[in-house]
Amino acid sequence: MVNMAEGKVEITEGCHVPVLLPNGDGWHSAEVLSIKDNGRPLYYIHYEDYNKRLDEWVPLERMDLSKLEQPKKDVKTPVKKTDTAVVTTSRLVNGGSRPESPEREIYENGTMQSLGLSNSGAMKVHIGAGGGVFANRKRKLDEDTDSQDVPTAPRQTGSMVAHHDDIITRMKNINLIEFGRWRIKPWYFSPYPQELTSLPILYICEYCLKYLKSAKCLERHLAKCLYKHPPGNEIYRKDKLSVFEIDGRKNKQYAQHLCLLAKLFLDHKTLYFDTDPFLFYCMCEQDLRGYHLVGFFSKEKESAEDFNVACILTLPPYQRKGYGKLLIEFSYELSKVEGKTGSPEKPLSDLGLLSYRSYWSQTILEILLNMKPNESGERPCITINEISELTSIKKDDVISTLQHLNLINYYKGQYIITLSEEQIQTQERAMAKRPIRIDPKCLHWQPKDWSKRGKW
């Protein structure tokens with residue numbers, strides 16, 4: 001609140017004030033979430049309409065106090081019984097009660113569109129021709145809110161479930177972590193023991209993922225740590241890249257530590273420590289010192305919806321190097337071995353959807369560009385089912401991707417896919433930037449029948 005008559009400005013939690021962005025590129029409205037004073041007052045702020053990973057502590061000098069707005073009074077509204085038990089079922093979701101980033105809103109709206117097209121209907125593929133815009137039709141959503149059928153407990157999703165957006169989980173509680181040869185600034189809250197949150201650096205063993213309070217403790221731990229790679233079976237190896245399959249029941253402690261680490265970089269999740277129903281696939285780089293964790297994804301042992309990914313994460317030091325698409329590609333290679341089509345749990349976060357949309361686009365376009373005319377010289381034909389079978393991508397994801405790329409047109413009573421020269425060149429450049437691909441010949445894995453709980 002502002003008392004201009006006395007010339008004093010009082011900043012309280014919940015105030016809204018313009019804050020100078022870190023790079024000095026203008027001002028942006030922000031909400032004050034917390035205040036601390038260690039001789040110099042600092043304010044933990046959230047930039048409105050921006051992702052929470054950008055939240056930070058700022059000094060008074062970066063605030064425009066002339067435009068300070070006092071907190072709005074909460075208006076009490078009646079709450080339905082169904083509202084208390086509604087949880088999101090995504091492992092990559094950044095949504096919740098907070099406003100979304102503009103990027104996510106644009107791309108997520110794209111996923112809610114579907115095409116009125118028979119899955120088995122053939123479509124002609126025109127290479128190098130001009131394209132038009134196909135009118136998208138929004139998918140109808142079922143909104144059954146019968147209070148009698150509301151679940152009493154959140155659904156398990158990749159050993160994580162959505163949590164309420166309270167003041168504690170809105171703030172980053174770990175300043176810095178040391179993980180192997182990297183020091184990383186976390187993006188979000190993670191429920192590590194409270195006594196560790198006041199430390200300037202949290203030390204994590206990169207092999208067993210145990211957390212320690214000092215460099216000396218880490219040094220002593222590494223001298224006796226039995227791990228040099230994730231526990232479980234190595235199911236893939238090519239060059240210096242390996243993937244290990246970890247059973248959440250057999251290696252419970254490792255799985256729980258992995259979830260704690262992942263929570264630092266995944267928003268709006270709280271840990272669900274019953275990891276028994278999940279498998280974790282850890283991708284590692286190998287050198288003389290051991291196997292270094294690059295990223296991982298988890299999946300349910302039994303998924304009625306054929307979800308092939310529950311949680312997926314590439315650690316920040318390895319992002320923008322192609323490992324995200326590599327993890328996604330690996331998940332679909334497992335689906336091919338299972339003889340199924342798969343899809344990640346939805347809704348996806350802003351970064352998650354960007355990664356999946358890019359992978360789907362490149363994979364589908366690669367198939368279309370490799371198609372050749374038949375013996376009579378006619379343009380090649382392909383169905384949605386055939387694309388889905390070749391890629392193990394769910395039919396709904398194939399359709400939404402073709403829509404997103406504006407490739408589908410209605411011409412003379414049939415649907416056709418039209419590729420322009422510009423799209424072909426863009427695809428070729430994108431594929432050239434993917435030097436690392438999964439080699440199915442190096443995958444040694446057999447799916448298990450988890451329907452019998454005795455195998456858990």
message = How about NZ on Lys210, more than 12 heavy atoms from neighbouring residues, nucleotides or ligands closer than 6.0 Å, or not?
response = no
inquiry  = A side-chain contact here means heavy atoms from C-beta on lying under 4.5 Å apart; do Ser214 and Glu219 qualify?
reply    = no
ask   = Heavy-atom distance under 4.5 Å between the side chains of Leu443 and Val337, does that happen here?
value = yes
Under 3.5 Å donor-acceptor, Gln423 side chain and Ser420 backbone = yes
ask   = Between Tyr192 and Tyr211, does the ring centre distance come in under 6.0 Å?
value = yes
inquiry  = So that I know where these two stand, are Tyr254 and Phe280 an aromatic pair - ring centroids less than 6.0 Å apart?
reply    = no
note = Rounding to 0.5 Å, atoms CG (Asp397) and OG1 (Thr341) come to a distance of 9.0 Å
request  = Would you check if Ile417 and Asn409 make a side-chain contact, meaning some heavy-atom pair closer than 4.5 Å?
outcome  = no
Crowding at CZ, Arg220 (>12 non-hydrogen neighbours, <6.0 Å) = no
task = Measure the acute angle between the ring planes of His229 and Phe244, then classify it against the limits of 30° and 60° as parallel, tilted or perpendicular.
result = parallel
ask   = What about Tyr236 and His444, are their ring centers closer than 6.0 Å?
value = no
task = Give a yes or no on this: more than 12 heavy atoms of other residues, nucleotides or ligands lie within 6.0 Å of atom CD of Glu195.
result = yes
ask   = Would you call the rings of His292 and Tyr207 parallel, tilted or perpendicular, where under 30° means parallel and over 60° means perpendicular?
value = tilted
